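First the structure, in the form of structure tokens, and then the observations on it.
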2 protein chains.
Amino acid sequence: MSGMSSARGTGRATIRDVAAEAGVSTGLVSLAFKDPARVSAVRRARILDAADRLGYRPNFVARSLAADGSSFIGILLSDLHNPLFAEIADAARQEFDAHGSYALIASATKARPEGRAPENPEEGGQAGSGASARGPGGLRVPGATGGADRIADEQVIAMFRDLRPRGVLVIGTIADTALLSGLPSATPVVYASAVSPEGSAHPSVRADDDAGMALLFDHLTGRGHQRIAFVGGAGGEVSRLRLEAYLAQAEARGMPALVARADFSEQSGYRAGAELAGLDPRPTAVIAVNDLAGIGVQAAAEQAGLRLPADLAVAAFDNTYLAGLHRISLTTIDPRNAEVGRRAASRLLLALDPDGARHAGLPRDGARNASAPGAGDSDALRDVSSPIGESRGAASAPRSARFGGAHAVASPGTEDVLVRPELIVRDSA
Amino acid sequence: MSGMSSARGTGRATIRDVAAEAGVSTGLVSLAFKDPARVSAVRRARILDAADRLGYRPNFVARSLAADGSSFIGILLSDLHNPLFAEIADAARQEFDAHGSYALIASATKARPEGRAPENPEEGGQAGSGASARGPGGLRVPGATGGADRIADEQVIAMFRDLRPRGVLVIGTIADTALLSGLPSATPVVYASAVSPEGSAHPSVRADDDAGMALLFDHLTGRGHQRIAFVGGAGGEVSRLRLEAYLAQAEARGMPALVARADFSEQSGYRAGAELAGLDPRPTAVIAVNDLAGIGVQAAAEQAGLRLPADLAVAAFDNTYLAGLHRISLTTIDPRNAEVGRRAASRLLLALDPDGARHAGLPRDGARNASAPGAGDSDALRDVSSPIGESRGAASAPRSARFGGAHAVASPGTEDVLVRPELIVRDSA
DNA sequence: CTGTTAGCGCTTTCAA
DNA sequence: TTGAAAGCGCTAACAG
């Protein structure tokens, strides 16, 4: 009947086949898919019928070419190996879905080892820690700092550029940010878990490390600790910022500052821990730049014969699942990645559609609003219901829009959003 | 000078702008990029000149539409949260790069929580373990088995379908495999770290769990262990297969089989470990389905007052970085993910180009061939150099092609490739 | 409401 | 070698 029609290589049905089969013009078929309401009931039925008799599926690529832009939102993952990023991506994706937008996740990877010279020798670059590199034996060791010369994959960027997503969510620091400029300049971009590159007008959403550090100090001093050391400072921007936050807290509280330099790796934390354990007036507590380094500190302390947490309390950042393991049980700061992802997504949605109206798309039953505490949110979203502390980074901007709130502001502005992290207390401190 | 030309939304230069600027036809510009040799030197120069004066970059999408297929290879990641997959993806990507092919990584994610009913209630589905789900407090817990209803993201698949990659590498088990059938039927597909779906003609490359289990038994019996228990069996196909491998080894060696059911999570391993610790003739060694479960076993044993490894030796599978942490130090089977990724990539390349010739693409200086041991491979590839044990899975197929070997066989066949894993001995056993 | 007409940016015959 | 022209599959005016 219908039969072998166009679609050059593949035997796929094209819009023309459908039009022929239904006895209408291609234009109408197109319309029937895009805006069914504007097509008469009879034809619509005939078209839809023909379409699925032929197994027609509109061609993504052709559509994007013709329509001068696609309907999806691009999520660009800077590093596949950082588990925090995966969490953020998932949360963001869910948020998009809930609003009838759909997102495509693409990932960059490390450059070929024999490739061109490292772009950013010392800047592993992720927020949230966890630069990864090769350890001995080819085992991938998160946090190791060596040779972290990752570049934003040109091809991935090119794909996004040409597919013209409605917006782009960049998760983690992307080295060659210049490439992003290939996007149509009007394309909204939001960074998550990364500071947006200097000079960039794009907002970033990330955990508030200062607040996290304060939480840690409160907790530790509350337990009587007076000599609190910091392990970290190396390995990237995030590490540096956490170090600064530490110094600020120590100073503000009139406490001595004691720093053992380390990056995000366990090895590195181990060395720093050993160093600290040997000190004469030994610190009674240590704050590590991330869980992995904290675990290294624990190991070193144990090895040095210290009892944990009696002789040395250890706390860290990130609340990766490591921290929750029975044998580790690490007190740590939860950056609330899901929240970061969700807010970053909201931010982008707001920029795309300042009215904040929930999108048409597929009307989903459970479509909830961030402001209205959903009735029976499923477990994955449980932690949203708590009132969300929020603060803004950049100085100048007026503290305006509350996302999903009653009166969203027209111009989203470009201020960063800092998500208030949470203290997770476990045995280690 | 040149100025504001076409390219509707964006101000990007199109092939037409270049043609105009260079005073030639668009067809020639196209040719100048695709096959420079067939264009006269003068025009070529003029074209290339004009092109970069205008900052021209060919449009990916338009090209793929016009040329009936793209030049990239698609890497489809089934789960962002499984670190093993990231390793495989990286290795594969490098292999592709080395052969002048380039790959695009796209990821599926979990379905929205409030979405349609779970597809595969009990089938988390990844090879290599590490299904992830929400634990208490919204923390992402790798290995937890609950609600792992991930679906292969339709949009991602649609994108691949329409972009028409030359080939697709699927990493991990993808639930809705039917969607892949949307690809032009001639598109070669290779699965990595997953058994290819039944009835599928696509080969899969994965670690040989039977061999790994044998390695573990050899090691443990060599240390005098006679009562070796297994923790695992639940949570997915891989878990089941490892259980079977365990049973087979135990039987073959005339040893008693003792199984405590668990999935890939630490929690689950903990429970199983507690169970085993309480048994009367206690096992002297435990093999866990993966590192995480093994860590759970360690924790439970410790809690039960057992000394490790004297009272209970623990070994596992996967060699994630966890196993290498000082405080964990777990003897484990390294699935050699990088090798899996590399071989899967080779497999695909072979299918794409049976002559094994290195592709034209951008001619890269360092382009090495799998068969020719490259001179100074950088560290990331260090472990390739060792002679690679290899065996084949599927029964019927003739044992033919050695990848990258001297005489590659014309028809690649569809047999699975099993990569021989490696035993990593640490303190725990 | 519906058909027609132009393209999106690029590749590819096919002649010249 | 080079240019002209005809599409890839779809959308977007614009008339009717």
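Computed over heavy atoms, backbone and side chain alike; hydrogens, waters and symmetry mates excluded. Below, chains carry the letters A, B, ... as their sequence lines are ordered, and counting in each starts from 1. Please read these numbers as outputs of a predicted model, since none were measured by experiment.
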Provide, to the nearest angstrom, the distance between the [atom1] atom belonging to [X] and the [atom2] atom belonging to [N].
X	N	atom1	atom2	result
B:Arg161	D:dC10	CZ	P	10 Å
A:Tyr56	D:dT11	OH	C1'	10 Å
A:Ile15	C:dT2	CD1	C1'	14 Å
B:Arg12	C:dC10	CZ	C1'	12 Å
B:Asp162	C:dC8	CG	C1'	16 Å
A:Asp68	C:dA6	CG	C1'	15 Å
A:Asp17	D:dC10	CG	C1'	13 Å
A:Leu65	C:dA6	CG	P	19 Å

Consider the side chain of [X], meaning its heavy atoms from C-beta on, and name the nucleotide among [options] that approaches it most closely.
X	options	result
B:Ala67	C:dC10, C:dT12, C:dG9	C:dT12
A:Val39	D:dT2, C:dG9, C:dT2	C:dT2
A:Ser25	C:dT11, C:dT4, D:dC8	C:dT4
B:Ala62	C:dC10, C:dT11, D:dG9	C:dC10
B:Ala66	C:dT11, D:dG3, C:dC1	C:dT11

*With a 3.5 Å cut-off and no angle check, do the side chains of A:Arg166 and A:Thr187 form a donor-acceptor pair?*
no
*asked:* Under 3.5 Å, is there a donor on one side chain and an acceptor on the other for B:Tyr102 and B:Ser71?
replied: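 Yes.
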Salt bridge or not between [X] and [Y]? Use side-chain N to carboxylate O under 4.0 Å.
X	Y	result
A:Asp35	A:Arg44	no
B:Asp49	B:Arg53	yes
A:Arg12	B:Asp162	yes

[Y] backbone acceptor or donor facing [X] side chain under 3.5 Å:
X	Y	result
A:Asp52	A:Gly55	no
B:Ser78	B:Ile171	yes
A:Arg46	A:Ala22	yes

*Give the minimum heavy-atom separation between B:Arg161 and A:Pro58, together with the two atoms involved.*
NH1-O, 4.3 Å
*Determine the stems involving DNA chain D; a stem requires 3 or more consecutive pairs of the Watson-Crick or G-U wobble kind, each with both distances below 3.5 Å, and the answer is none if no such run exists.*
C:1-4 with D:13-16, C:6-16 with D:1-11
_Near DNA chain D, counting only heavy atoms under 4.0 Å, which residues of residues 27-38 of chain A show up?_
A:Gly27, A:Ser30, A:Lys34
I want to check one thing: is the phosphate of [N], taken as OP1 and OP2, less than 4.0 Å away from some side-chain N or O of [X]?
X	N	answer
B:Arg43	D:dT2	yes
A:Arg63	D:dG9	no
B:Arg16	C:dC8	yes
B:Ser64	D:dC8	no

*asked:* For B:Phe60 and A:Phe160: C-alpha separation, side-chain torsions, deciding distance, then whether ring pair (Phe, Tyr, Trp, His ring centres under 6.0 Å) applies.
replied: CA-CA 9 Å; B:Phe60 201 75; A:Phe160 272 0; over 10 Å; no
*asked:* Rounding to an integer number of angstrom, what distance separates D:dA6 and C:dT5 when you compare their C1' atoms?
replied: 16 Å
*What is the nucleic acid contact for B:Val24, judged by heavy atoms within less than 4.0 Å: base, sugar-phosphate only, or nothing?*
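The answer is sugar-phosphate, as B:Val24 gets under 4.0 Å only of primed atoms, P, OP1 or OP2.
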*asked:* Applying a 4.0 Å non-hydrogen cut-off, can you work out what A:Phe60 is touching in the nucleic acid: base, sugar-phosphate, or nothing?
replied: nothing
